[in-house]
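We use all heavy atoms of the structure for the numbers below, so side chains are in, but hydrogens, waters and symmetry mates are not.
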Amino acid sequence: MRRLLRQWLGFLWQEKKYWLAPLIVAVLILAGLVFLTQGPPPLSPFMYSVK
């Protein structure tokens with residue numbers, strides 16, 4: 001895992017794509033929050049249900 005992170009950061013540094021790092025970190029954090037929450041399925045607030 002550490003090696004992958006090091007290679008990814010090296011790629012960003014070499015290709016001058018610094019702006020991608022915060023974007024990818026934010027997307028990973030949001031994905032973790034969605035899929036690791038307990039309770040109903042993550043997509044349930046977006047589903048239309050009639051009661």
Side-chain angles (χ1 to χ4, degrees):
M1 185 69 178
R2 186 178 278 176
R3 185 176 180 187
L4 178 66
L5 182 62
R6 186 176 250 180
Q7 286 181 350
W8 180 67
L9 289 173
F11 167 76
L12 291 179
W13 186 263
Q14 181 181 359
E15 298 295 322
K16 309 271 191 270
K17 305 233 182 258
Y18 310 116
W19 57 274
L20 280 176
L23 181 68
I24 292 173
V25 169
V27 168
L28 290 175
I29 289 172
L30 287 174
L33 288 174
V34 167
F35 290 110
L36 296 178
T37 57
Q38 295 178 354
L43 296 177
S44 63
F46 305 106
M47 291 182 192
Y48 179 77
S49 62
V50 178
K51 292 186 177 186

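Between Leu9 atom CG and Leu4 atom CG the span is 9.5 Å, to the nearest 0.5 Å. In this structure, the separation between CG on Leu28 and CG on Leu23 is 9.5 Å, given to the nearest 0.5 Å.
Leu5 and Phe11 end up in the same hydrophobic cluster when Ile, Leu, Val, Met, Phe, Trp and Tyr side chains are linked at under 4.5 Å. No continuous path of ILVMFWY side-chain contacts below 4.5 Å connects Val27 to Trp19, so the two sit in separate hydrophobic clusters.
Looking at heavy atoms from C-beta onward, Leu12 lies in side-chain contact with Trp8 at the 4.5 angstrom threshold.
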